[in-house]
Amino acid sequence: MIASSFHLLLHFLMPALVARWQYKYHWKGAWVVMMATMLVDLDHLLAQPVFAPDRCSIGFHPLHSYLAIAVYFILFLSNKKSSKISNNKMRIISIGLLIHMLLDAVDCIRMTF
């Protein structure tokens, strides 16, 4: 229970820290966009049961698949910082998705111990 609560807390704190560090003047907007990437967890609704505390989501859910993570990484690399707003938003979205996947991967590692 404590581990799950801490995991969820990190899903809010890490994007906030990265947004504050990377987007100093527009960090609140960047944080909101990164928080919207939490919608990636809607793919959990496809699983039976929807929530299983001992299940690793990486590689199990479609939007948490290795292929999806590769796409998120390619999006991150292809949208270098630029003055174009659309490129910047895509970069923020990819950062949010990668943070989410990283935290889920850390949770998977934690479950093995």
Side-chain angles (χ1 to χ4, degrees):
M1 177 73 173
I2 292 173
S4 294
S5 299
F6 185 66
H7 176 77
L8 287 174
L9 181 65
L10 285 177
H11 276 291
F12 288 93
L13 289 179
M14 289 302 295
L17 292 172
V18 170
R20 187 79 171 125
W21 171 59
Q22 209 52 51
Y23 301 95
K24 291 180 182 168
Y25 303 110
H26 305 289
W27 73 269
K28 289 178 186 174
W31 181 69
V32 168
V33 171
M34 287 185 206
M35 292 310 301
T37 65
M38 296 298 163
L39 292 172
V40 75
D41 275 343
L42 287 175
D43 65 352
H44 290 240
L45 297 174
L46 301 172
Q48 282 295 344
V50 172
F51 176 72
D54 59 338
R55 179 174 59 216
C56 176
S57 60
I58 301 296
F60 184 82
H61 302 291
L63 297 176
H64 291 69
S65 68
Y66 296 107
L67 177 61
I69 294 168
V71 170
Y72 307 151
F73 192 69
I74 290 167
L75 268 174
F76 172 74
L77 292 177
S78 66
N79 289 295
K80 300 279 184 194
K81 281 189 179 180
S82 71
S83 60
K84 292 182 181 177
I85 293 172
S86 61
N87 281 354
N88 214 7
K89 283 188 181 175
M90 285 307 294
R91 185 166 178 87
I92 293 169
I93 290 169
S94 65
I95 290 170
L97 289 166
L98 289 171
I99 290 170
H100 186 100
M101 296 304 138
L102 178 68
L103 291 173
D104 283 2
V106 168
D107 203 41
C108 292
I109 293 167
R110 179 197 56 80
M111 282 188 262
T112 62
F113 291 106

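For the single chain, residues carry numbers from 1 onward in sequence order. Computed over heavy atoms, backbone and side chain alike; hydrogens, waters and symmetry mates excluded.
- Contact check for D41 versus H100: side-chain heavy atoms found under the 4.5 Å cut-off.
- Summarising the geometry, atom CG belonging to L45 is positioned 13.0 Å from atom CZ belonging to F51; distances are rounded to the nearest 0.5 Å.
- Among residues two or more places apart in sequence or in another chain, the side-chain hydrogen bond (donor to acceptor under 3.5 Å, both in side chains) test is passed with H7 by H11, D104.
- In this structure, the side chains of F73 and I69 stay at 4.5 Å or more apart for every pair of heavy atoms.
- The shortest side-chain heavy-atom distance between L46 and H61 does not fall under the 4.5 Å cut-off.
- Using a 4.5 Å heavy-atom cutoff, the side chains of Y66 and I58 are in contact.
- Grouping the Ile, Leu, Val, Met, Phe, Trp and Tyr side chains by contacts below 4.5 angstrom, directly or via other members, places V33 apart from L39.
- The 12-atom threshold is not exceeded at CE of M14, counting heavy atoms of other residues, nucleotides or ligands nearer than 6.0 Å.
- Between the CD1 atom in I93 and the OG1 atom in T37 there is a gap of 8.5 Å [rounded to 0.5 Å].
- For D43, the side-chain hydrogen bond (donor to acceptor under 3.5 Å, both in side chains) criterion is met by H64, not counting sequence neighbours.
- With a 4.5 Å cut-off on side-chain heavy atoms, Q22 and I92 do not count as touching.
- In this structure R110 satisfies the salt bridge (charged side-chain N to carboxylate O under 4.0 Å, His left out) test together with D107, sequence neighbours excluded.
- When hydrophobic clusters are built by joining Ile, Leu, Val, Met, Phe, Trp and Tyr residues whose side-chain heavy atoms come closer than 4.5 Å, directly or via intermediates, W31 is not grouped with L103.
- The heavy-atom pair separating A52 from P49 by the smallest distance is CB-CG, 4.2 Å.
- Atom OG of S94 and atom CE of M34 lie 8.5 Å apart (nearest 0.5 Å).
- By the criterion of side-chain heavy atoms lying less than 4.5 angstrom apart, applied directly or through intervening Ile, Leu, Val, Met, Phe, Trp or Tyr residues, L42 is not grouped with F12; the two fall into different hydrophobic clusters.
- Side-chain contact between S78 and M90 is absent, with no heavy atoms from C-beta onward closer than 4.5 Å.
- Looking at every heavy atom in both residues, S57 comes nearest to C108 through N-SG, 3.9 Å.
- The NE2 atom of H26 sits 12.5 Å away from atom CZ of R20, with the distance rounded to the nearest 0.5 Å.
- The nearest pair of heavy atoms linking A68 to P62 is CB-O, 3.8 Å.
- Rounding to the nearest 0.5 Å places CG of L75 at 11.0 Å from CD1 of I95.
- In this structure, CZ in F6 is found 8.0 Å from CG in L13, a value given to the nearest 0.5 Å.
- Taken together through direct or relayed side-chain contacts under 4.5 Å among Ile, Leu, Val, Met, Phe, Trp and Tyr, V40 and M38 form parts of separate hydrophobic clusters.
- When hydrophobic clusters are built by joining Ile, Leu, Val, Met, Phe, Trp and Tyr residues whose side-chain heavy atoms come closer than 4.5 Å, directly or via intermediates, M35 is not grouped with L98.
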